[in-house]
Amino acid sequence: MDKFLITGGTPLNGKISISGAKNSALPCLAATLLTAETITLHNVPYVKDLITQRRLLEDLGATVLTPELRTHKVSASNIEIFEAPYELVKTMRASVLALGPLLARFGQARVSLPGGCAIGTRPIDLHLKAFEQLGAKVSLESGDVVARAPKGRLIGADVNFEKVTVTGTENVMMAAALAKGKTTIHNAAREPEIFDLAELLNKMGARVRGAGSETIEIEGVENLSGAQHTIIPDRIETGTFIVAAAITQGNLEITNCEPAHLKAVIEKLRETGVEIEELNQSTLSVKCCPQGLKGKNVTTEPHPAFPTDMQAQYMALMTQAEGDSVINETIFENRFMHASELVRMGADIQISGNSATVHGKTQLMGAPVQASDLRASASLVLAALAARGETVIDRVYHIDRGYENIVRKLSSVGANIKRINDSSEQKTAEQKTAEAV
Ligand code: UD1
């Protein structure tokens, strides 16, 4: 297993460019299953989860060409299998996004039921209930979700999510796009990735209105066609690099981003003392912090509030802020795995239920630590950049799932970070990208 070796204490300075959003590229790739015509997606980040999603499409019978590294041309004209097996789903939960499109276009789908993961039990009951409301028969067979549309086609319906679910909303949007009649999704997720998927679906000929609001209306159509679409910038990668500048007392220009997608993060970080300036619609300048950082409380909530995917990185930053900060996690029940690793590096953090109190400021010291999930790994990288001495982060395959070229990007702005390979034969996604560009 690969590790990162980071020597902290250097302020980051320079320009860093943001990649396409993993969480948008995943549903957009799944949406290519809705049509026999070719879909071209640009700005697809070269990260492990997208390689897995591509493999899933190919296993189902789709052809995926990459004329350029971040462009995927998908033709799903020859789908013969309607199944996402356990081997894929266990490595990436977002494989469940195949359910909606397969069910909508072919009237059948079989997808292994994802188990829990490091951050919580993460059921998909709300996806399944919604498919039933659209007329599907759903059962569990040998650990797989088996869904069928009795007459071959789903029927539009009112879907009222009792809890906001991002991939649940995306799955239903895709399923409803080819259903007979109108579907209204109430209490829909409002994340920018939902809007991006709706843009793609509408370019394919779907009739989706209201994406980005709590109520989404989808008028089902008979067929969808080919389209081209560019994936939005990754707002969580953007937020992570803002924190990287702040935690190292550096000065970064972050380009190719979409500041409007992370208003709550920018607002909260400004409250703590981070200086963030919007140079233009896609560029941020981040400086930190003549007066030092102040501890501020935060609560994670569905968009447009502060995202759970920035909670771990924010916690790392708060170890460097004066005073106490209380971090409430309301989305996932077990998303503080990074806290005990940060404590090993010298942080003072107390956990009580879904609330963590960070007592700052503490000097962080390099230590061997373990990544437990994608965003937890990002928080350890950030802490290591601020720490005195060397940190070795184990299990960085978690970070490879969602951060494109993080070692190269951070090195280019002065970070002392190296990937250590256990085996020279084992090439990582990041090395392959480095070779390909
Ligand atoms: C998506 C994101 C993930 C982010 C999360 C919350 C992708 C690929 N992943 O995950 O990065 O952290 O949104 O912003 O876009 N729930 C149920 N039943 C369901 C579905 C969800 O109880 O059927 C619960 C979950 O356990 C969780 C909450 O609802 O407590 C929100 O989860 P959800 O929005 O569905 O997360 P994902 O779509 O899996």
Side-chain angles (χ1 to χ4, degrees), residues 20-31 44-45 47-50 52-53 56 89 91-100 111 113-133 138 140 145 147 159-175 185 187-197 214 231-232 234-237 239-240 261-262 264-265 299-314 328-338 354 373-379 398-399 401-403:
K22 166 183 89 73
N23 285 355
S24 184
L26 286 168
C28 287
L29 271 179
V44 176
V47 295
K48 189 75 200 339
D49 272 8
L50 268 305
T52 309
Q53 190 75 331
L56 169 61
V89 179
T91 59
M92 191 188 63
R93 308 177 53 80
S95 325
V96 298
L97 286 165
L99 261 175
V111 172
L113 183 69
C117 74
I119 63 175
T121 51
R122 303 186 78 178
I124 57 160
D125 56 317
L126 302 175
H127 303 224
L128 304 184
K129 200 170 150 197
F131 291 142
E132 283 176 338
Q133 284 169 317
V138 180
L140 187 68
V145 173
V159 171
N160 199 338
F161 281 119
E162 61 202 55
K163 202 169 182 182
V164 176
T165 160
V166 176
T167 47
T169 302
E170 291 163 349
N171 240 338
V172 174
M173 272 164 64
M174 293 189 281
I185 307 176
N187 200 24
R190 289 181 280 164
E191 270 67 3
E193 292 76 20
I194 303 281
F195 185 80
D196 203 32
L197 174 64
E214 276 173 15
I231 302 294
I232 54 171
D234 196 307
R235 64 196 163 96
I236 305 301
E237 189 195 19
T240 304
H261 290 169
L262 64 159
V265 171
T299 297
T300 64
E301 278 170 290
H303 194 79
F306 193 93
T308 175
D309 283 352
M310 276 301 297
Q311 179 259 106
Q313 301 89 316
Y314 185 79
N328 292 310
E329 170 59 55
T330 73
I331 307 290
F332 292 111
E333 68 269 27
N334 188 27
R335 209 176 193 179
F336 286 140
M337 303 279 279
H338 42 283
N354 69 349
D373 68 71
L374 173 59
R375 307 303 170 187
S377 355
S379 84
H398 288 293
I399 211 160
R401 285 188 39 220
Y403 285 87

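Read the numbers this way: they start at 1 and go in the same order the structure lists the ligands and their atoms. As a basis for the values below, the full set of heavy atoms in this structure was taken, side chains included, without hydrogen atoms, waters or symmetry mates.
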**Student:** Shortest non-hydrogen contact from Asp49 to Leu26?
**Tutor:**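 Smallest heavy-atom distance, with atoms named: O-CD2, 3.7 Å.
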**Student:** Do Thr165 and Asn171 have side-chain heavy atoms sitting under 4.5 Å apart?
**Tutor:**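 A side-chain contact under 4.5 Å is absent here.
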**Student:** Using the salt bridge (Lys or Arg N to Asp or Glu O under 4.0 Å) criterion, which residues pair with Lys163? Sequence neighbours excluded.
**Tutor:**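 With sequence neighbours excluded, Lys163 shows a salt bridge (Lys or Arg N to Asp or Glu O under 4.0 Å) to no residue whatsoever.
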**Student:** Looking at His127, which atoms of ligand 1 are within less than 4.0 Å of one of its heavy atoms?
**Tutor:**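 It comes down to these atoms of ligand 1: 23 (O).
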**Student:** Can you list the atoms of ligand 1 that are under 4.0 Å from a heavy atom of Ile124?
**Tutor:**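 Listed by number with element, the hits are 19 (C), 23 (O).
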**Student:** When you compare ligand 1 with Val166, is there at least one nitrogen or oxygen pair between them that comes in under 3.5 angstrom?
**Tutor:**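 Yes: some nitrogen or oxygen of Val166 is under 3.5 Å from one in ligand 1.
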**Student:** Ligand 1 and Glu333, any nitrogen or oxygen pair closer than 3.5 angstrom?
**Tutor:**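 Min N/O separation from ligand 1 is not below 3.5 Å for Glu333.
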**Student:** For the 3.5 Å polar cut-off, considering only N or O atoms, please tell me whether Ala94 and ligand 1 meet it.
**Tutor:**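 Such a contact does not occur with ligand 1.
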**Student:** If we set the cut-off at 4.0 Å for heavy atoms, which region of Thr308 has an atom near ligand 1: side chain, backbone, both, or neither?
**Tutor:**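 Within the 4.0 Å criterion, Thr308 contacts ligand 1 through side-chain atoms alone.
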**Student:** Kindly confirm or rule out an N or O of Lys22 lying under 3.5 angstrom from an N or O of ligand 1.
**Tutor:**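 Lys22 vs ligand 1: no N/O contact under 3.5 Å.
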**Student:** Can you find a pair of side-chain heavy atoms, one from Ile236 and one from Gln313, that are under 4.5 Å apart?
**Tutor:**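 Of all side-chain heavy-atom pairs linking Gln313 with Ile236, at least one is under 4.5 Å.
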**Student:** Can you check whether Arg375 reaches Gln311 side chain to side chain, under 4.5 Å on heavy atoms?
**Tutor:**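 Not touching, per the 4.5 Å side-chain cut-off.
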**Student:** One residue to check: Leu97. Relative to ligand 1, which of side chain, backbone, both or neither has a non-hydrogen atom less than 4.0 Å away?
**Tutor:**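 None of Leu97 does.
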**Student:** For a side chain to side chain contact (heavy atoms under 4.5 Å, CB included) check, start with the C-alpha distance between Val47 and Arg401, then their side-chain angles and the critical distance, and finish with the verdict.
**Tutor:** CA-CA 6 Å; Val47 295; Arg401 285 188 39 220; over 6 Å; no
**Student:** My understanding is that only one of Asn354, Thr330, Asp309 makes a side-chain hydrogen bond (donor to acceptor under 3.5 Å, both in side chains) with Arg335; could you say which?
**Tutor:**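 Filter result, single survivor: Asp309.
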**Student:** Of all the atoms in ligand 1, which lie at a distance below 4.0 Å from a heavy atom belonging to Val164?
**Tutor:**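 Under 4.0 Å from Val164, ligand 1 has these atoms: 31 (C), 34 (O).
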**Student:** Hey, does Glu191 come in under 3.5 Å of ligand 1, counting only N/O atoms on both sides?
**Tutor:**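 No; every N/O pair is 3.5 Å or more apart.
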**Student:** Can you find a heavy atom in the side chain of Pro307 that is under 4.5 Å from one in the side chain of Arg235?
**Tutor:**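 They are in contact (side-chain heavy atoms under 4.5 Å apart), so the answer is yes.
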**Student:** Considering Pro27, Pro123, Ser24, Pro114, which one's heavy-atom position lies nearest to atom 16 (N) of ligand 1?
**Tutor:**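 The nearest heavy atom belongs to Pro123.
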**Student:** Is it the side chain (CB and beyond), the backbone, both or neither of Glu170 that lies under 4.0 Å from ligand 1, heavy atoms counted?
**Tutor:**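 Near ligand 1, Glu170 shows nothing, with every heavy atom at 4.0 Å or more.
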**Student:** Are more than 12 heavy atoms from other residues, nucleotides or ligands located less than 6.0 Å from atom CZ of Phe195?
**Tutor:**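 For Phe195, atom CZ is not crowded (no more than 12 foreign heavy atoms under 6.0 Å).
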**Student:** Can you confirm, on distance only, whether ligand 1 has an N/O atom lying under 3.5 Å from any N/O atom belonging to Phe332?
**Tutor:**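 Min N/O separation from ligand 1 is not below 3.5 Å for Phe332.
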**Student:** Heavy atom under 4.0 Å from ligand 1: found in Asp309's side chain, backbone, both, or neither?
**Tutor:**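 Within the 4.0 Å criterion, Asp309 contacts ligand 1 through side-chain atoms alone.
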**Student:** With heavy atoms of Arg335 as the reference, note each atom of ligand 1 found under 4.0 Å away.
**Tutor:**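 In order of numbering, the contacting atoms are 12 (O).
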**Student:** Go through the steps for His303 and Glu193 under the test side-chain hydrogen bond (donor to acceptor under 3.5 Å, both in side chains), then give the verdict.
**Tutor:** CA-CA 10 Å; His303 194 79; Glu193 292 76 20; over 6 Å; no
